[in-house]
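Below is one structure, written out as structure tokens; the observations come after it.
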Amino acid sequence: MAGLAKGLRSSVDVMTEYHVLTECGRNLAEYDFDIESLRRRLKERNYKPELIETIEEYEANLAAYAKRAVELDKMFHPEDREGKRTA
């Protein structure tokens, strides 16, 4: 099989889904082959990324934040024996 010309991708290249938080506050879900291609595409569209992570990383972080929020809620809003908040 002949090699591909520089800049061309084979049909077996897999795109990755990314979560992007931009400087202007937009949350984007973007697909691209790699993070550098994604950065170039975002720059062409005049977006400045603050955070780029794969969807798997985003979902793991979101779950961790949710778990921590529940723990903090329990800490600051203890419930009495009947399941009602005391405050």
Side-chain angles (χ1 to χ4, degrees):
M1 180 175 150
L4 293 172
K6 187 175 180 178
L8 296 179
R9 299 190 184 277
S10 74
S11 61
V12 294
D13 285 342
V14 178
M15 293 184 90
T16 302
E17 186 176 8
Y18 294 96
H19 169 256
V20 180
L21 178 62
T22 66
E23 203 174 72
C24 63
R26 292 179 191 241
N27 282 296
L28 307 172
E30 298 283 335
Y31 285 91
D32 218 318
F33 292 103
D34 57 49
I35 202 160
E36 291 308 315
S37 298
L38 176 62
R39 286 182 190 277
R40 280 192 302 273
R41 235 173 12 92
L42 290 169
K43 187 176 179 181
E44 289 170 3
R45 293 167 44 201
N46 295 319
Y47 286 126
K48 295 180 182 175
E50 289 269 326
L51 174 69
I52 299 175
E53 56 192 351
T54 65
I55 286 298
E56 291 81 12
E57 293 169 332
Y58 170 71
E59 289 173 347
N61 289 336
L62 196 59
Y65 296 145
K67 182 179 178 184
R68 185 66 180 142
V70 169
E71 292 169 357
L72 288 172
D73 187 56
K74 287 179 182 178
M75 186 186 317
F76 290 105
H77 299 101
E79 298 177 351
D80 65 10
R81 293 182 191 159
E82 297 173 7
K84 299 177 184 174
R85 290 190 172 176
T86 58

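Just so you know, these numbers come straight off a predicted model, no measurement behind them. Values reported hereafter were calculated over all heavy atoms of this structure, with side chains retained and with hydrogens, waters and symmetry mates removed.
- When hydrophobic side chains of Ile, Leu, Val, Met, Phe, Trp and Tyr are connected at separations under 4.5 Å, F76 ends up clustered with L72, M75.
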Worksheet item: Could you walk me through whether Y47 and V20 pass the side-chain contact (heavy atoms from CB on, under 4.5 Å) check?
Response: CA-CA 10 Å; Y47 286 126; V20 180; over 6 Å; no
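- Between the OH atom of Y31 and the CE atom of M15 there is a distance of 9.0 Å, given to the nearest 0.5 Å.
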Please tabulate, for the side chains in residues 61-68, all donor-acceptor contacts under 3.5 angstrom to protein atoms that are two or more places apart in sequence or on a different chain.
{"residue": "N61", "atom": "ND2", "partner": "E53", "partner atom": "OE1", "Å": "3.0"}
{"residue": "N61", "atom": "ND2", "partner": "E57", "partner atom": "O", "Å": "3.3"}
{"residue": "R68", "atom": "NH1", "partner": "E71", "partner atom": "OE1", "Å": "3.2"}

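- In this view, Y18 satisfies the ring-ring contact (aromatic ring centres under 6.0 Å, His included) rule with no residue, not counting sequence neighbours.
- Residues satisfying the side chain to side chain donor-acceptor pair (under 3.5 Å) criterion with N46, sequence neighbours excluded, are absent altogether.
- Residue R45 holds its CZ atom at 10.0 Å from OG1 of T22, rounded to the nearest 0.5 Å.
- Taking Ile, Leu, Val, Met, Phe, Trp and Tyr as members and joining any whose side-chain heavy atoms lie under 4.5 Å apart, directly or through other members, the hydrophobic cluster of L21 also contains L51.
- Note that CD of E50 and CG of N27 are 11.5 Å apart. Values are rounded to the nearest 0.5 Å.
- Y58 and L28 fall into different hydrophobic clusters, where Ile, Leu, Val, Met, Phe, Trp and Tyr are joined by side-chain heavy atoms under 4.5 Å apart, directly or via other members.
- Residues satisfying the salt bridge (Lys or Arg N to Asp or Glu O under 4.0 Å) test with R41, not counting sequence neighbours, are E30, D32.
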